[in-house]
Each structure stands twice: as C-alpha cells, then as structure tokens.
Participant: 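So that we are looking at the same thing, I have put the structure below in structure tokens.
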Amino acid sequence: MNKKIGNIFKGDKVIWMIFFFLCMISVVEVFSASSGLTYKSNNFIMPIIKHSGTIIMGLFVAVVTLNIPCRYFKLFTPFLLFFSVLTLLWVLVGGQNINGAQRVIQIPGFTFQPSEIAKGTMILVVAQILSAMQNEQGADRNAFKFILWISVPVTLLIMMENLSTAALLFFVIMLMMFIGRVPLSQLGKLLGFLMAGALIALAFIMLVGHSPNEQKDQTLTKTEVVDAKPKKKNVVEKLFHRADTWKGRIDKFIKNEKVAPADYDLDKDAQVAHANIAIVSSNVIGKGPGNSVERDFLAQAFSDFIYAIIIEEMGIVGASFVVFLYIILMFRAARIASRCENNFPAFLVMGLALLLVTQATFNMMVAVGLAPVTGQPLPLISKGGTSTIINCAYIGAILSVSRSAKMRQAEEKSLVEEGRQLKENE
C-alpha cells in the first residue's frame, strides 16, 4: 500500500508537504472568505465544493506533470508559445470583460486566462535559451537578444489588460537571466532602459488616464446624457482603456494621506480600508478559522485579499507560517536546481519557483498596504480556476525535475559505494 502511494506522490517530499499545506489553508480560508459568493448563490456549500473540485483537478494535473520526464518539456515549448500568442490576441479582441479588463476567454463549459499559460510558457522559453547558450564564461551575448525578441512581444500583449502580471513576469525573466549568467553589462543597459520606459509610461498614464475625482467632474447631467451621442473611442483609448484604473491606483499609493477614521470613505477605498480593519482586528493571535468579520465587506476576499483574511483569522503566527512555506519552497527549489546535471531543468525549476514566490510576495505586500492594489491572487491559496490548475502544473514540473535530480544523486551514491567495495576487495 505504501509503495503504491509512493509511486503516485513521487519527487521531493518537502515540496509535496508545502503543496499539501498550501492547499489545506486554501480550502479553509476560501470557505471562510466566500460569504459573498454564498449570499449571491443562496447556497452555503457550493462555492467550497467548486473550489475543492478545482484543487482536486489541480492535484491530478500535478501528478500527471511530475510523471513527464523533464526533457520532454522542451518539445512542448513551440506549441505552447504559439497557443499563448494566439490566445493573448484572442482575449484582446473577444475576451470576456471582468472588473473592467478583458482577461479571460469564455468557452462553453469553462473560462481560462491566457496570461496564466503564457507565464509558464515564457519560463520554458527562457530556460531553454539560457541552457542552450551556456559556455564557461556564462551565457552567450546572443542569448540576451533571443530572450528579448520573444519575451517583449508576449509581455506587451499581457500588459494591455494586466499590467501587474506583465511587470512581475518580466521581473522574473530578468532574475532568470541574472541566474543564467547573462553579461551584467547587458542587464544593466536593460535596467536603465526599463527605468526610462517606466518613467515615460508613468507620465503617459498620468496624462491620458482620469482619476475618480476627474471622472466625477466630467459626469454628464441627465439631460446631457440623453442628448449626447455615443462617443467613438480612438485607437489610443482602445489600447489604453485601463489607464484610468492604473492612474487611480497610482494616485492612492503615492498620496497615502493620513485620514481620520471618522472621515475615511469606506465606499471609495473599500478594499484597502477593510483589509486594514481585518489586519488590525486580528489582535495578533487571530479570531480563529471561519470567524472573519471583514470577509462580508471586503471585495475579492477569497482572491486578491485573502492574505488579509488569513491574518484576521490566524493571526501573526498563521500569516508567518504562510510566508515560511513560500520561503521554504524557494530554498528547496534552489537545492533541487543545484543537484541537476543539466542546465535546462535547473533554470526551469528556479524560474517556476521564482514565478510563484514573487507573485505571492506581491500579493501579500498589497494586502498589508506595501504595494498598490492589483489583481494578483495568492498562488495555490486564492480561489481560482485557470490560475490554480496552472500553478499546480508548475508544482508538478518542479517535482518532475526533483525526480530526475534524485535519480542522478542515487546513481552517484551507487557508483561511490561500488568503488568503495572494489577498493575493499583489492
């Protein structure tokens, strides 16, 4: 029986334990934070049944992925790249609008986010280029160009509807290039260019976008609404229709004005306000699982702001434990990478771990007010469909690499043992 279970849950046992704990926390906290969905559906148990089903599906995907030998991942790269570009273009033209952004494609029976698939695809692409172009001095200078030729168009497509995802993905790609020993002179020039581009983009957003106050001033009266003809959007407005949202979030984060509790606008700044209330009301030790109050008022409590609910219910200890799990995931991935015989699996496992941990870090920073509000879920904990399943596939890929690294380590031990026995016989 134990042997059969071991055959299913192959790979690094520490990664499996981290995955198990994150999934258990997800089930408990999503169940607690889904009070809004429960109210809307008038069904107490259905939201958590759906989420549990997604996690079970993700577990199945992880098991299937870990049983694929790492060398075969290279064969999927061209097809995944073509699929990613095609679906990213599709979502821009005919994607379903959710919270003011076209991020998902709806197909009868389910929806999925192309950006989630594109992120993993780019990690595969960068890992493959870096591994193929390594020499004794580091990565060939042409590797930098090849990575940019592919990653820049893909991240720009993602950026049109999801700026934070594009920024996080490109940050991870830069970290992978640093780990892959791309010449520092090239990375330095890229960093300078990005800083200049970020300043230009920021200026453009502040110029084109409208903050909530500016939109309020431009609101038409009832008579004007009736008389006004629908205004056609120009190309710039179509491409940068998210500029208003970006500007509003930047304004809130930069100003960060201290407001007296009596003067705080809970309607205008509801997410940040209720997240802060959830954190402060935890009283360090937390209220206990299922006892959150702010889940009833905090929009996206089960997704973008689930870390605030974790703090409210589990206190500092529970919140620190979640952080600890992601830190151990990163260190364990680094250890697996150090055992890899070839460069590709090492770069792949580091890229996937960086992707998960970087996103988790940013989500937690948003929840505690250290970063502007974005739509980044907490990997493997937040309620989700495509994102949960794809993140499980990332864990499966890390486990697949750990299997091959473990086999190599076992072979080396076997050879050492054989050598020792031969010496003793002599």
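The first residue in the sequence is number 1, and the count goes up from there. All heavy atoms count here, side chains included; hydrogens, waters and symmetry mates do not.
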Participant: Taking the side chain from Ser131 and the backbone from Ala127, do they hold a donor-acceptor pair closer than 3.5 Å?
Facilitator: yes
Participant: Please check if any side-chain donor atom of Thr121 sits under 3.5 Å from a side-chain acceptor atom of Ser84, or the reverse.
Facilitator: yes
Participant: For Met24, I'd like to know if atom CE has over 12 heavy atoms of other residues, nucleotides or ligands within 6.0 Å.
Facilitator: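 Yes.
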Participant: For residues 306-319, which side-chain N or O atoms pair as donor and acceptor with protein atoms under 3.5 Å away, sequence neighbours left out?
Facilitator:
unit_1: Tyr307; atom_1: OH; unit_2: Ala319; atom_2: O; d: 3.1
unit_1: Glu312; atom_1: OE1; unit_2: Ser292; atom_2: OG; d: 2.6
unit_1: Glu312; atom_1: OE2; unit_2: Lys287; atom_2: NZ; d: 3.0
unit_1: Glu312; atom_1: OE2; unit_2: Val293; atom_2: N; d: 2.9
unit_1: Glu312; atom_1: OE2; unit_2: Glu294; atom_2: N; d: 3.4
unit_1: Glu313; atom_1: OE1; unit_2: Ser32; atom_2: OG; d: 3.4
unit_1: Glu313; atom_1: OE1; unit_2: Gly290; atom_2: N; d: 3.2
unit_1: Glu313; atom_1: OE2; unit_2: Ser32; atom_2: OG; d: 2.3
unit_1: Glu313; atom_1: OE2; unit_2: Gly290; atom_2: N; d: 3.3
unit_1: Glu313; atom_1: OE2; unit_2: Ser292; atom_2: N; d: 3.1

Participant: Any heavy-atom pair between the side chains of Ser164 and Asn162 that's under 4.5 Å?
Facilitator: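 Contact flag for Asn162/Ser164 side chains = yes.
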Participant: Could you report the tightest heavy-atom contact between Lys383 and Thr388, atom names first, then the distance?
Facilitator: C-OG1, 4.5 Å
Participant: Supply the atom-to-atom distance Met122 CE to Ser151 OG, rounded to the nearest 0.5 angstrom.
Facilitator: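 Nearest 0.5 Å value for the CE-OG distance: 5.0 Å.
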Participant: Report yes or no: does Asp140 contribute a side-chain atom to a donor-acceptor pair with the main-chain N or O of Asn142 at less than 3.5 Å?
Facilitator: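 Side chain of Asp140 to backbone of Asn142, a donor-acceptor pair under 3.5 Å: yes, one is there.
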Participant: Would you confirm whether Ser402, through its side chain, and Asp12, through its main-chain N or O, come within 3.5 Å as a donor-acceptor pair?
Facilitator: yes
Participant: Side chains of residues 345-367: which donor-acceptor partners sit under 3.5 Å, not counting sequence neighbours?
Facilitator:
unit_1: Thr358; atom_1: OG1; unit_2: Leu354; atom_2: O; d: 2.6
unit_1: Gln359; atom_1: OE1; unit_2: Lys119; atom_2: NZ; d: 2.8
unit_1: Gln359; atom_1: NE2; unit_2: Pro377; atom_2: O; d: 3.0
unit_1: Thr361; atom_1: OG1; unit_2: Val357; atom_2: O; d: 2.8
unit_1: Asn363; atom_1: ND2; unit_2: Asp304; atom_2: O; d: 3.0
unit_1: Asn363; atom_1: ND2; unit_2: Gln376; atom_2: O; d: 2.6

Participant: What residue pairs, at least two apart or across chains, pass side-chain hydrogen bond (donor to acceptor under 3.5 Å, both in side chains) with a residue in residues 68-81?
Facilitator: Thr77-Gln128
Participant: One pair to check against ring-ring contact (aromatic ring centres under 6.0 Å, His included): Phe73 and Phe344. What are the steps and the verdict?
Facilitator: CA-CA 10 Å; Phe73 291 149; Phe344 172 69; 7.4 Å; no
